[in-house]
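First the proteins, then the strands, lettered A, B, ... as listed; each starts at 1. Just so we're clear, the structure is a prediction, and the values are computed from it rather than from any experiment.
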Protein chains: 2
Amino acid sequence: MQKRPPRQPLSQQQVTDLLTGHDIQPTQQRLEIAQVLFARDQHLSADDVLKQVNQDTARASKATVYNTLGLFAAKGLIREVIVDPSRVFYDPNTCEHHHFYNVDTGELMDIDADRLALMNLPAPPTGTVADGVDVIIRIRNQATA
Amino acid sequence: MQKRPPRQPLSQQQVTDLLTGHDIQPTQQRLEIAQVLFARDQHLSADDVLKQVNQDTARASKATVYNTLGLFAAKGLIREVIVDPSRVFYDPNTCEHHHFYNVDTGELMDIDADRLALMNLPAPPTGTVADGVDVIIRIRNQATA
DNA sequence: CCAGTTTTTAGACAAAGTCCAGATCACGCG
DNA sequence: CGCGTGATCTGGACTTTGTCTAAAAACTGG
């Protein structure tokens, strides 16, 4: 866990530093992808990223986008959010926090960690170690009965 | 939420009652599928169910299994568990509870609700209503360094 | 500039799940 | 009973997300 990073579009230099700071070689494609991810607080699917990166001109292939998102997640630069059976979301916010997930709209919203307390987290079974806790509050649109 | 149901293999009659009690027409295929789901406390993917149902002789098609699992979940007979990007698990236990998920093995384990307290659940955004809370503790196998 | 490593790429592939149109089944009714 | 109607089931085509592979390109340290 780390401090919530600033969420203004980042300069080329800032993005480069972000990658190198996480032991990631800053290649052209990775920079492009990181730019998209960190442009603002948002939750993008791999396909969203692919489309945005190649919006105007081709900048990265599908394989590279998938590889890069996996790499970023493994290095702790972004976080995978698994709430929708059909696709993974990637969250540039790696601070401890949780999510509302609107099952009607597919919308995903952050919940600050300090707005929700978890007590008595049970210890992981022997032979295993905790890797993270996800709390998802599923919501629906109110029935306009 | 309801009381944890017994988890011994159920009689034909018990399964029928379970379905009718949830407003589900007890057809032959639905009974077969329910038998598999409620045979014991377990977490099965759609494909697991499909295989088990048709183990010896063909009893239900893929489409029916998917439809039926969706129907059961919509009627509150079982619960969808979304922890693995590649497939949905179905949990016959509809009591309030949470999960350990071993990302190395894909194993899914129950955590009784009373072993973990959630405080200060934030209210859903206006226009929406809560539909359920999922808590997933991701675990890894301990490195045998 | 060269050799070796890392990264990127197009496109084939795989797995989970959905959709469809026709066949089948179930049930109330005459 | 036999019928008609609506619900259910089915195989198979299809879609979507994501993975794999083998070769091309780029980058690195000498």
Side-chain angles (χ1 to χ4, degrees), chain A residues 15-16 19-20 22-37 43-54 57-75 77-91 103 106 108, chain B residues 12 15-16 19-20 22-37 43-54 57-75 77-91 101 103 106 108:
Chain A
V15 179
T16 305
L19 298 201
T20 54
H22 283 262
D23 270 322
I24 300 170
Q25 293 225 9
T27 67
Q28 196 52 50
Q29 287 85 346
R30 287 170 184 173
L31 289 170
E32 299 280 0
I33 292 166
Q35 287 282 11
V36 168
L37 287 169
H43 302 93
L44 299 174
S45 67
D47 202 58
D48 293 335
V49 174
L50 181 61
K51 287 205 183 89
Q52 285 197 33
V53 166
N54 298 320
T57 38
R59 293 206 153 81
S61 70
K62 185 171 71 151
T64 299
V65 169
Y66 276 92
N67 286 343
T68 301
L69 290 172
L71 176 70
F72 283 5
K75 295 288 190 180
L77 189 59
I78 59 177
R79 176 171 152 186
E80 283 185 339
V81 183
I82 298 167
V83 289
D84 184 314
S86 75
R87 61 206 189 290
V88 175
F89 288 105
Y90 294 90
D91 190 341
V103 296
L108 193 54
Chain B
Q12 191 77 13
V15 179
T16 306
L19 298 200
T20 54
H22 283 261
D23 270 322
I24 301 170
Q25 292 228 8
T27 67
Q28 195 52 50
Q29 289 85 345
R30 287 171 184 173
L31 290 170
E32 299 281 0
I33 292 166
Q35 287 283 11
V36 167
L37 288 169
H43 302 93
L44 299 174
S45 68
D47 202 57
D48 293 335
V49 173
L50 182 62
K51 287 204 183 89
Q52 284 197 34
V53 165
N54 297 320
T57 37
R59 293 206 154 81
S61 70
K62 184 170 73 150
T64 299
V65 169
Y66 276 91
N67 286 342
T68 300
L69 290 172
L71 177 69
F72 284 4
K75 295 288 190 181
L77 189 59
I78 59 178
R79 176 171 154 187
E80 283 185 339
V81 184
I82 298 167
V83 289
D84 184 314
S86 75
R87 62 209 191 288
V88 175
F89 288 105
Y90 293 90
D91 190 340
Y101 180 62
V103 295
L108 193 54

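The side chain to side chain contact (heavy atoms under 4.5 Å, CB included) search around B:Leu71 returns B:Ile24, B:Arg30, B:Lys75, not counting sequence neighbours. Residues satisfying the side chain to side chain contact (heavy atoms under 4.5 Å, CB included) criterion with A:Pro85, sequence neighbours excluded, are B:Ile82, B:Val88. In this structure, the side chain to side chain contact (heavy atoms under 4.5 Å, CB included) partners of B:Ala73, at least two apart in sequence or on a different chain, are B:Ile78, B:Glu80. Checked against side chain to side chain donor-acceptor pair (under 3.5 Å), B:Thr64 has the following partners two or more places apart in sequence or in another chain: B:Ser61. When the side chain to side chain donor-acceptor pair (under 3.5 Å) test is applied to B:Ser86, the partners found at least two apart in sequence or on another chain are B:Asp84. For B:Arg59, the salt bridge (charged side-chain N to carboxylate O under 4.0 Å, His left out) criterion is met by B:Glu32, B:Asp56, not counting sequence neighbours. For the salt bridge (charged side-chain N to carboxylate O under 4.0 Å, His left out) test, residues two or more places apart in sequence or in another chain that qualify with A:Lys51 are A:Asp47. For B:Asp48, the side chain to side chain contact (heavy atoms under 4.5 Å, CB included) partners are B:Leu44, B:Ser45, not counting sequence neighbours.
Atom CD1 of B:Ile33 is separated from atom OG1 of B:Thr27 by 7.5 Å, given to the nearest 0.5 angstrom. Rounding to the nearest 0.5 Å places CD of A:Gln35 at 12.0 Å from CD of A:Gln52. Here the straight-line distance linking atom CZ of B:Phe72 with atom CG of B:Leu37 works out to 6.5 Å at 0.5 Å rounding.
Distance, A:Phe89 CZ to D:dT17 C1': 12 Å, rounded to whole Å. Between the C1' atom of D:dA7 and the CG atom of B:Leu19 lies a distance of 15 Å, rounded to the nearest Å. Distance, B:Arg87 CZ to D:dG18 C1': 14 Å, rounded to whole Å. Computed from coordinates, the B:Leu50 CG to D:dC9 P distance equals 14 Å when rounded to whole Å.
Between D:dC9 and B:Arg30, a contact under 4.0 Å exists linking OP1 or OP2 to a side-chain N or O.
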Study note, to complete from the structure: Contact string for nucleotides 25-30 of chain D, one letter per nucleotide 5' to 3', B = base within protein heavy-atom range under 4.0 Å, S = sugar-phosphate only, - = neither, reads ------
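At a non-hydrogen distance threshold of 4.0 Å, B:Ala63, B:Tyr66 from residues 63-75 of chain B come into contact with DNA chain C.
Counting 5' to 3', DNA chain C first comes under 4.0 angstrom of a heavy atom of chain B and last does so at the ends given by C:dA16 to C:dC19.
Across all strands, A:Ser45 comes closer than 4.0 Å to no nucleic acid atom at all (heavy-atom distances).
Nearest-nucleotide assignment on DNA chain C puts the 5′-proximal partner with A:Ser61, out of A:Ser61 and B:Lys62.
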